[in-house]
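Notes to accompany the following structure.
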There are 2 protein chains.
Amino acid sequence: MPAKRPNLGANGILEQMERDLAAIRRAQRRPIEEEMVRGGLTVPQTAVMQIAFQRDGISLKDLSREASLAHSTVSGIVDRLEAQGLVERRVDPADGRVSRIHATAVVARFVRDKIPELRRGPLGRALEKASPAERKKIAWALGRLRTLLEDVQSGA
Amino acid sequence: MPAKRPNLGANGILEQMERDLAAIRRAQRRPIEEEMVRGGLTVPQTAVMQIAFQRDGISLKDLSREASLAHSTVSGIVDRLEAQGLVERRVDPADGRVSRIHATAVVARFVRDKIPELRRGPLGRALEKASPAERKKIAWALGRLRTLLEDVQSGA
DNA sequence: ATACGATACGTCGTATACGACCTATCGTCG
DNA sequence: CGACGATAGGTCGTATACGACGTATCGTAT
């Protein structure tokens, strides 16, 4: 049963939202981390790999933008994926600055077979328990919150 | 202007939500990280300090539960706070296993003066731009999503 | 052609964040 | 009272995650 949610002041709502976001983050991270032991992949690695597969030859800059991560973070993730032979870095012949990320042949099968089931991970399972109306409301709220945050970020 | 949000299939909604959550995390983390350079504190450190202040003498276990973080994570954060003299560890006289976290005198002023303004950080500023109705909807959605995730977690 | 600002990326230092493991302490059962 | 499972927390190894900085390359202006 859910915890009590009394009427909160503006400050209380803020703190409650922060707590909820933290809890969401943790719950989302944990269950697939268990899978990692079996599959050898973490959540961010899976996400990066899927993007690299869908947009083969994507630059690291675009990849980091897609994943909402700093380029230095993605660089490290690609390092580890490369070490496992799941991804390749190739310098762009037309522009020596950009290194294009390519999914190796092994990945195609992996993405098609494993990812869908991983994708239907904690978030997917959680949403299955919600009604379509709830799903819509939650999806809207996340999109809206993201927009609000990004507007503040860019000084709007 | 916000990105297009076409009608998405069930899978598309999932991926969109994951992207939104990632972007929210990043946006929420970044701006206060800038403050860190000035104040010397990170977001998690601030959160932990506030909990330790509000519930003086809290055990590390309870503290980690409040913060939705693993106890090993909180232990490291407390290490750094302790090194800055903002927090103290004292072994519980009644139970030698638990180490109780106390905010030092310096912190009281800090929490009262600095935290409110930090709290009104990215999330607070973002929410100011939203209507009360939107705020309610977003708050509800986060709470609901959290509950759904935690129910799945506990096998409900 | 050369200088030079802009761009893309790699690297580094530090702070999360986690699970696995170890150790010390507690309660309880015999 | 001594054994022993349970509990709290510290430690370790690894993977994010970031900004700052360095380096190589590109475009452009001179």
Side-chain angles (χ1 to χ4, degrees), chain A residues 21-49 57-65 67-84 89-101 153, chain B residues 22-49 57-65 67-84 89-101 122 153:
Chain A
L21 280 169
I24 287 168
R25 181 179 186 181
R26 181 169 197 197
Q28 207 192 346
R29 179 186 299 258
R30 233 198 319 176
I32 305 199
E33 294 287 2
E34 296 172 10
E35 305 282 328
M36 174 194 127
V37 186
R38 283 192 291 167
L41 286 180
T42 67
V43 178
Q45 283 173 4
T46 306
V48 164
M49 241 186 45
I58 191 175
S59 73
L60 198 128
K61 176 192 173 74
D62 289 343
L63 184 52
S64 66
R65 200 173 47 77
S68 286
L69 295 173
H71 83 273
S72 55
T73 302
V74 176
S75 185
I77 293 174
V78 169
D79 281 350
R80 278 159 229 127
L81 288 175
E82 209 174 10
Q84 299 198 31
R89 259 186 254 243
R90 283 184 231 153
V91 177
D92 188 329
D95 185 338
R97 291 171 299 181
V98 338
S99 77
R100 307 213 160 269
I101 316 300
Q153 196 98 109
Chain B
I24 287 168
R25 278 200 298 266
R26 179 166 199 200
Q28 205 192 349
R29 177 185 303 257
R30 230 199 322 176
I32 305 198
E33 295 288 1
E34 295 171 11
E35 305 283 327
M36 174 196 128
V37 184
R38 284 192 292 169
L41 286 182
T42 66
V43 178
Q45 283 173 6
T46 306
V48 163
M49 243 186 43
I58 191 175
S59 72
L60 197 127
K61 176 191 173 73
D62 290 343
L63 183 51
S64 65
R65 201 173 45 77
S68 287
L69 294 174
H71 84 271
S72 55
T73 302
V74 176
S75 184
I77 294 173
V78 170
D79 282 349
R80 277 158 231 128
L81 288 174
E82 209 174 10
Q84 300 197 31
R89 259 186 255 242
R90 284 183 232 154
V91 177
D92 189 329
D95 186 338
R97 292 171 298 181
V98 338
S99 78
R100 308 213 160 269
I101 316 300
Q153 197 99 107

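Heavy atoms only: backbone and side chains are in, while hydrogens, waters and symmetry mates are out. In the text below, chain A, chain B and the rest are named by the order of the sequence lines, each starting its count at 1.
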A:Gly96 or B:Asp79: which one's nearest nucleotide on DNA chain D is closer to the 5' end?
B:Asp79
If you pin B:Gln84 and B:Leu69 to their nearest nucleotides in DNA chain C, which one's is more 5'?
B:Gln84
The nucleotide from D:dG10, C:dA17, D:dC18 with an atom nearest the side chain of B:His71 is D:dG10
Nearest-0.5 Å distance that lies between atom CD1 in A:Ile77 and atom CG in A:Leu60
10.0 Å
In whole angstrom, give the distance that lies between atom CD1 of B:Ile77 and atom C1' of D:dT11.
16 Å
Looking only at heavy atoms, what is the nearest atom pair of B:Gly96 and B:Val91, with distance?
O-CG1, 3.6 Å
Nearest 0.5 angstrom please: A:Leu81 CG to A:Thr46 OG1, how far?
8.5 Å
Once you round it to whole Å, what is the distance between C1' of C:dA24 and CG of B:Asp92?
14 Å
Using whole Å, what does the distance between atom P of nucleotide C:dA17 and atom CZ of A:Arg26 come to?
10 Å
Provide, to the nearest angstrom, the distance between the CD1 atom belonging to B:Ile101 and the P atom belonging to D:dA8.
14 Å
Considering only heavy atoms and no angle criterion, is a donor-acceptor pair shorter than 3.5 Å present between the side chain of B:Ser72 and the base of C:dG19?
yes
With a cut-off of less than 4.0 Å, is there a side-chain N or O of A:Gln45 near OP1 or OP2 of D:dT16?
yes
Rounding to an integer number of Å, can you tell me how far A:Asp95 CG sits from C:dA6 P?
17 Å
Going by heavy atoms in the side chains, are A:Met49 and A:Gln84 under 4.5 Å from each other?
no
Using a heavy-atom cut-off of under 4.0 Å over every strand shown, decide if A:Arg89 touches base, sugar-phosphate, or nothing.
sugar-phosphate
Let's see if you can work this out: which of C:dT11, D:dG19, D:dA15 has an atom nearest to the side-chain heavy atoms of A:Ala70?
D:dG19
Under 4.0 Å, counting only non-hydrogen atoms across every strand here, what does B:Ser99 touch: a base, just sugar-phosphate, or nothing?
sugar-phosphate
Under the criterion side chain to side chain contact (heavy atoms under 4.5 Å, CB included), which of B:Ile58, B:Asp92, B:Asp62 is the partner of B:Val98?
B:Asp92
Starting from C1' on D:dG9, measure out to CD1 on B:Ile58 and report it in whole angstrom.
14 Å
Please confirm whether the shortest side-chain N or O distance from A:Arg80 to OP1 or OP2 of D:dT16 is below 4.0 Å.
yes
Check the phosphate of D:dA15 against A:Thr42, side-chain N and O only, distance under 4.0 Å to OP1 or OP2. Yes or no?
no
Closest-nucleotide ordering on DNA chain D, the 5'-leading residue of A:Pro93 and A:Ser68
A:Ser68
Checking contacts here: which listed nucleotide (C:dA17, D:dG9, D:dT16) is nearest the side-chain heavy atoms of B:Val98?
D:dG9
Rounded to the nearest Å, what distance is computed from the CZ atom of residue B:Arg29 to the P atom of nucleotide C:dA15?
14 Å
State the OG-NE2 distance between A:Ser59 and A:His71, to the nearest 0.5 angstrom.
11.5 Å
Contact class for B:Arg100 (heavy atom, under 4.0 Å): base, sugar-phosphate, or nothing?
nothing
Would you say a side-chain N or O of B:Thr73 is under 4.0 Å from OP1 or OP2 of C:dC18?
yes
d(CZ, B:Arg97; P, C:dA24) in whole Å:
14 Å
